[in-house]
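See below for the structure under consideration.
Keep in mind that what you see is a predicted model, and the values were worked out from it rather than measured.
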Amino acid sequence: MRALRSVFTRFAEDSRTAPDLGAVHCLLGILLKRGRVPPASRAEKEKGPDTVLERQLSTLMFDPGCAYGLRESMNHLHRTATLARDRLSVDAWRTLQRLRSESGWRRRRAGLLSGRLEIGDVLDLLSDAIRTMAAFSGMEMENMTRNHAWRFVNMGRRLKRALDTTLLLRRLLARGDPEENASLSLLLELADSFMTYRSRYMATPALAPVFDLLLLDEINPRSVGFQIAALAGHIDLLPRDHDVPVRGEDQRIVLALLTELRLADIATLCQTNKDQKRPALNQLLGRVHRELPHLSEVIASTYFAHAEQRRAPDVLRHQPVT
């Protein structure tokens, strides 16, 4: 939702001369690739780029069959919430129902496809949806019992946020001069961290402090470092066999990631080679982006697999003192 709102906001302006046009097209490319939106046909190209863009954005927002699209994501959210209905308060359930309001989304889709929907209406729709999601998140944080169910919900949020932020940092900052193409401002907007940046640095966005704030800072709730540290804390509190005196695989993965982030040097991450690429940054973000899905799979297989629990080798178990 935030990504789509940023795209619509910038195309509502004079996008032909906007300084961050390259960054916006990169962001849109990420959304289109994840959503598997079909490329423009020859007929669409002949009608002009505006026709192509309208169809692509309409698909991302309103097509229920678009993978990773907004409607498809909301349908999955509603399905999952239905399965966990007994864990949600009445107000939380009503909030989700409001978010999924079928009639409103269908009316707006029909308006966009017929050319009657203004960009301002789309921005209002996205802003309302973001506020509704924030309300639901607040209810979960304030009202849900801090048991293992809440812990897994929170781990899912941390995993997804870390993956998304890592992908954006890698695509927008791993090469070129992001201070010139306004990628830094776009990233701060997507991470909802503009206010934090301004209060801390009191300067225009620069590469090194943005790395510090969005990648390494463990007290910024939107940074990758915060997500990994939170995951480490949750994982350490999960039930496990205390007779095995070694860390579990999930603990080893998250500890390795957290250690690598804490040892990262910002100056090294900012350095570019002759091709204007940042190899140290790309290597770090690539490792994080590979290991997080692996961590998710390990957690799922350990705590949700309906199979006989594996026993640790006897050599790892404490031997009784004789």
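Each of Trp150, Phe152, Tyr303 was checked for a ring-ring contact (aromatic ring centres under 6.0 Å, His included) with His234, and the lone residue meeting it is Trp150.
With salt bridges taken as basic N to acidic carboxylate O contacts below 4.0 Å, one links Arg240 and Asp250. Under a 4.0 Å N-O distance rule, the pair Arg252/Glu291 does not qualify as a salt bridge. Comment: Asp164 does not engage Arg161 in a salt bridge, judged by the lack of any side-chain N to carboxylate O separation of less than 4.0 angstrom.
Taking the centre and axis of the six-membered ring of Tyr68, the NZ or CZ atom of Arg34 falls inside the cone set by 45° and 6.0 Å. A cation-pi arrangement is found for Arg198 relative to Phe194, the charged atom lying closer than 6.0 Å to the ring centre and inside a 45° cone about the ring normal.
A donor-acceptor pair under 3.5 Å is absent between the side-chain atoms of Glu218 and the main chain of Ser223, judged by distance alone. The main-chain N or O of Leu173 is found under 3.5 Å from a side-chain atom of Arg278 such that the two form a donor-acceptor pair. Between the side chain of Ser58 and the backbone N or O of Glu54 there is no donor-acceptor pair closer than 3.5 Å. Counting only distance, with no hydrogens or angles, the side chain of Gln251 and the backbone of Gly248 share a donor-acceptor pair below 3.5 Å. The main-chain N or O of Ala256 is never found under 3.5 Å from a side-chain atom of Thr259 such that the two would form a donor-acceptor pair. In terms of modelled atom types and a separation under 3.5 Å, the side chain of Asp275 and the main chain of Lys277 share no donor-acceptor contact. Listed for the Ser89 side chain is a donor-acceptor partner under 3.5 Å among the backbone atoms of Ala92.
Leu53 and Leu186 fall within a single hydrophobic cluster, where Ile, Leu, Val, Met, Phe, Trp and Tyr are joined by side-chain heavy atoms under 4.5 Å apart, directly or via other members.
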Q | Candidate pair Arg287 and Leu261, rule side chain to side chain contact (heavy atoms under 4.5 Å, CB included), full reasoning | A | CA-CA 11 Å; Arg287 173 173 169 77; Leu261 286 174; over 6 Å; no
Q: Would you check, one step at a time, whether the test side chain to side chain contact (heavy atoms under 4.5 Å, CB included) holds for Leu215 with Leu281?
A: CA-CA 10 Å; Leu215 181 60; Leu281 176 67; 4.1 Å; yes
Q | Full working for side chain to side chain contact (heavy atoms under 4.5 Å, CB included) between Ser6 and Leu190 | A | CA-CA 8 Å; Ser6 295; Leu190 293 173; 3.4 Å; yes
Q: Begin with the C-alpha distance, continue with both residues' side-chain angles, and end with the deciding distance and a verdict on salt bridge (Lys or Arg N to Asp or Glu O under 4.0 Å) for Asp192 and Arg2.
A: CA-CA 9 Å; Asp192 198 20; Arg2 290 183 183 278; 3.7 Å; yes
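Taking 4.5 Å as the limit, every side-chain heavy atom of Leu184 sits out of range of all side-chain heavy atoms of Tyr197.
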